[in-house]
Engineer: 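Got a structure here, written out as structure tokens. Questions coming.
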Amino acid sequence: MDIWNSVAECGDKRLQAKFKLSMNVIDRTLSLYGCEEVAFSFNGGKDSTVLLHLLRAGYAVAESQIAPPACTEDVRSRTQHRIRTIYFESPDVFPEIDSFTLDTAKAYDLELELIRLDFKSGLVELQKKRPMKAVFLGTRIGDPNAVGQEQFSPSSAGWPAFMRVNPILDWSYRDVWAFLLACEVPYCSLYDQGYTSIGSIHDTLPNAALCISDSSSDDNSAGTAEGKKLPAPDRKFRPAYLLRDGRLERAGRLKNFASVKVKSRDSLRENGDINGLNGMNGLFAAAILVVGDEILRGDVDDILGMHLSKELYSIGWTVTRRAVLPNDIDAISEEVEHRASDCDIVIMTGGVGTMHCDVTLAGVAKAFGARLAPDEELEEDLRQHYGENCPGDENKMARLPEGITELLHHKDAAVPVIKCRNVYVLSGVTTSELALQWRCLLESAKEKDLFHVQQPFTSIRLRTSLPEVELAGPLARFDSEFPDLTIGCYRESCQFQAIKGGDSRNQGQLIISVVGKEPSRVNSAAKTLANAFPEGVFSEMSKG
Ligand SMILES: Cc1cc2nc3c(=O)[nH]c(=O)nc-3n(C[C@H](O)[C@H](O)[C@H](O)COP(=O)(O)O)c2cc1C
Ligand SMILES: Nc1ncnc2c1ncn2[C@@H]1O[C@H](COP(=O)(O)OP(=O)(O)OP(=O)(O)O)[C@@H](O)[C@H]1O
Ligand SMILES: [Mg+2]
């Protein structure tokens, strides 16, 4: 049966929609450039195998110049133009991939050009010999080199000039397999042996998530994020199309996994210390990262950040950093990388949505060296949450850092909290939404043993109209006398009064805060401080 019929009859509406869009891209490309001026970049991988069959279907229809439903099956299955196909050969490729590529080229009468140079030099030579205006690639969103690409993306600066055409850019892992199975087309045999994404022989293993053997969970012989051993010869794997979680597609690709710094923290947790590095001395450190250009401009207050600070404080956690970041992937990635390694947990909010400027998850992915891959579970959550009213591109919000993401669902929250290692991304945009997500996160954290509520802090705040010069000396002494407490001093600000409904006459008065975990120590420090000055100099504002 031909491709058009197979897809029409498969009953998979999602695949049919993706197929239609891809065929439009192919049709537009062939109309713009003509069959003579385009080439197909084929390497025997599953994505390029999908593309091969889309191109066969597209070429046949383009040549017949008859609309698909009206055109006969006979016309659709034959192409006058052989598809110009370029394959960059490499000594590091799996022999199965190499032979599948060559056999497939023969089977479908592709006009194959073998190139024994690296991609760039090979393309320079090709453009000299027989120029092409566009190249079809099987790149999919989430591939490391898909960053910044659209369905039509001119080649990068410094590369020979041609249009990169990516007809299956927005196909998910599941779509790829739904298509290959529905159309019953041959694919490389490695995919039936548990390989789910194929690179070179040096960096590719079968996917551990497909391992059948019982003992697979207690050794690393298959491809896991950190596993480096070669697969044991007797190990058995399920076929690639049975991988249920498309986020794990590249789990067998060794070099793509995360930074050593984060690994050391994870290994602490793996060894039973789920409290991480700071937890060893009884203090649990959290960072809050709020993303939004509007906050940096001063258009909006960082109310959500303040809310999160209070929540963390109320569960006995110390917030060691609260930062407002621009909607910029590199700025986010840099901050996340630092905070994830020096804090026990990082809580993020802002920049999680369907708009072009929502790049928080892309920044998190970059920080951990992961790619952003489409996530069908979250896609479904969002479809249910937003229905037809999704603002922007709902598929964009459903792309998650691959291999490091866990969705923390809760019965009361429509959208899950996104956990990427020790970074928790909340998507609430109002304080009440955020409060709900925070409550759900705390319950999930307890249930899954992710992090714990700690002994609460006790604090005493004292207001005084004494001048700073009189307080500075004694406060410095108390600070060294009570090293287990945090003794601070700040001036009452207008903003504080506005929020608390305070008295404007107090504006600018000094407030001394004494914070610690042991109530008796906090009380004793406050008393010692008060005794060092004449009676009535301090008024106690609050105790907590
Ligand atoms: C036909 C073709 C065109 C490419 N064009 C570009 C390009 O314009 N810019 C670029 O940075 N890389 C380009 N590349 C390189 C790819 O982005 C990527 O590095 C390559 O597919 C290797 O992926 P891998 O490292 O996952 O095997 C091109 C590769 C091919 C095969
Ligand atoms: N050696 C190569 N020769 C020709 N084209 C290539 C080569 N390597 C990559 N490409 C192009 O880049 C695309 C993306 O490669 P990628 O490895 O992500 O996908 P794939 O190989 O088709 O499938 P898989 O993800 O299972 O490895 C390919 O579909 C193909 O169009
Ligand atoms: Mg590949």
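In listed order, ligands and their atoms are each counted from 1. Keep in mind the model is a prediction, meaning the values are calculated, not measured. We count residues from 1, following the sequence as given.
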Engineer: Students should be able to answer this: which protein heavy-atom is nearest to atom 31 (O) of ligand 2, and at what distance?
Structural biologist: Ser41 O, 2.6 Å

Engineer: Do Ser48 and ligand 2 have an N or O pair less than 3.5 Å apart?
Structural biologist: yes

Engineer: Relative to ligand 1, is Arg164 under 4.0 angstrom through side chain, backbone, both or neither, heavy atoms considered?
Structural biologist: side chain

Engineer: Do Leu123 and Trp159 touch side chain to side chain, with heavy atoms closer than 4.5 Å?
Structural biologist: yes

Engineer: Atom OG1 of Thr85 and atom CG of Leu52: how far apart are they, to the nearest 0.5 Å?
Structural biologist: 7.5 Å

Engineer: Is the backbone N or O of Thr101 less than 3.5 Å from a side-chain atom of Tyr87, with the two atoms forming a donor-acceptor pair by type?
Structural biologist: no

Engineer: Which option out of Gly199, Ser48, Gly45, Ser156 puts a heavy atom nearest to atom 11 (O) of ligand 1?
Structural biologist: Ser156

Engineer: Give me the nearest non-hydrogen protein atom to atom 18 (O) of ligand 2 as residue plus atom name, then the distance to 0.1 Å.
Structural biologist: Asp143 OD2, 3.2 Å

Engineer: Does Arg253 reach ligand 2 with a nitrogen or oxygen that is under 3.5 Å from one of the ligand's nitrogen or oxygen atoms?
Structural biologist: no

Engineer: Against ligand 2, does Tyr191 come closer than 4.0 Å with any heavy atom?
Structural biologist: yes

Engineer: Ignoring hydrogens and geometry, is there a side-chain-to-backbone donor-acceptor pair from Arg164 to Pro154 under 3.5 Å?
Structural biologist: yes

Engineer: Given Arg339 and Asp342, is the salt bridge (charged side-chain N to carboxylate O under 4.0 Å, His left out) satisfied, shown in steps?
Structural biologist: CA-CA 5 Å; Arg339 302 290 78 86; Asp342 62 27; 2.8 Å; yes

Engineer: May I ask you to list the atoms of ligand 1 that are less than 4.0 angstrom from any heavy atom of Val135?
Structural biologist: 1 (C)

Engineer: Is a side-chain donor-acceptor pair under 3.5 Å present for Asp175 with Ser172?
Structural biologist: yes

Engineer: So if I count the atoms of ligand 2 from 1 in the order they appear, which ones are less than 4.0 Å from some heavy atom of Ile86?
Structural biologist: 4 (C)

Engineer: Picking from Arg140, Arg253, Arg371, what satisfies salt bridge (charged side-chain N to carboxylate O under 4.0 Å, His left out) with Glu402?
Structural biologist: Arg371

Engineer: Side chains of Thr196 and Asn207: is there a donor and an acceptor less than 3.5 Å apart?
Structural biologist: yes

Engineer: What part of Leu123, side chain, backbone, both or neither, has a heavy atom within less than 4.0 angstrom of ligand 1?
Structural biologist: side chain

Engineer: Could you tell me if the ring centre of Phe451 sits under 6.0 Å from that of Tyr424?
Structural biologist: yes

Engineer: Counting only heavy atoms not in Glu334 (residues, nucleotides, ligands), do more than 12 fall under 6.0 Å from its CD?
Structural biologist: no

Engineer: Kindly identify the option in Asn43, Leu137, Val93, Ile86 whose heavy atom sits closest to atom 2 (C) of ligand 1.
Structural biologist: Leu137

Engineer: Note the single closest protein heavy atom to atom 25 (O) of ligand 2, along with its residue, its atom name and the distance in Å.
Structural biologist: Lys46 NZ, 3.0 Å

Engineer: Hey, what do you get for CD (Glu150) to CD1 (Ile141), rounding to the nearest 0.5 Å?
Structural biologist: 8.0 Å

Engineer: Ignoring hydrogens, just give me the one of Leu114, Ile115, Leu137 whose non-hydrogen atom is nearest atom 12 (O) of ligand 2.
Structural biologist: Leu137

Engineer: Which residue holds the protein heavy atom closest to atom 1 (N) of ligand 2, what is that atom called, and what is the gap in Å?
Structural biologist: Phe88 O, 3.0 Å

Engineer: Below 3.5 Å, N or O to N or O, backbone or side chain included: is there any such pair between Phe119 and ligand 2?
Structural biologist: no

Engineer: Taking atom types as modelled, find out whether Asp245 and Tyr173 have a side-chain donor-acceptor pair closer than 3.5 angstrom.
Structural biologist: no

Engineer: Output yes if Ile198 passes the N/O/S-under-2.8 Å test against the Mg ion (ligand 3); output no otherwise.
Structural biologist: yes

Engineer: Ignoring hydrogens, just give me the one of Ile115, Asp203, Asn145 whose non-hydrogen atom is nearest atom 19 (O) of ligand 1.
Structural biologist: Asn145

Engineer: Give the numbers and elements of all ligand 1 atoms closer than 4.0 Å to a heavy atom of Phe162.
Structural biologist: 3 (C), 5 (N)

Engineer: Could you identify the single nearest non-hydrogen protein atom to atom 21 (O) of ligand 2 and state the distance to 0.1 Å?
Structural biologist: Asn43 ND2, 2.8 Å

Engineer: Should Asp47 be counted as touching ligand 2, given the test is an N or O pair under 3.5 Å?
Structural biologist: yes

Engineer: Pull out every atom of ligand 1 sitting under 4.0 Å from any heavy atom of Ser155, numbered as shown with elements.
Structural biologist: 8 (O)

Engineer: Is the Phe19 ring parallel, tilted or perpendicular to the Phe179 ring (thresholds 30°, 60°)?
Structural biologist: parallel

Engineer: Which protein heavy atom lies closest to atom 13 (C) of ligand 2, and at what distance to 0.1 Å?
Structural biologist: Gly138 N, 3.8 Å

Engineer: Under 4.5 Å between any side-chain heavy atoms of Arg28 and Gln151, yes or no?
Structural biologist: no

Engineer: With nothing but distance in play, are any N or O atoms of Ser41 less than 3.5 Å from an N or O of ligand 1?
Structural biologist: no

Engineer: Return a yes/no value for Ile198: is any of its N or O atoms, backbone included, closer than 3.5 angstrom to an N or O of ligand 2?
Structural biologist: yes

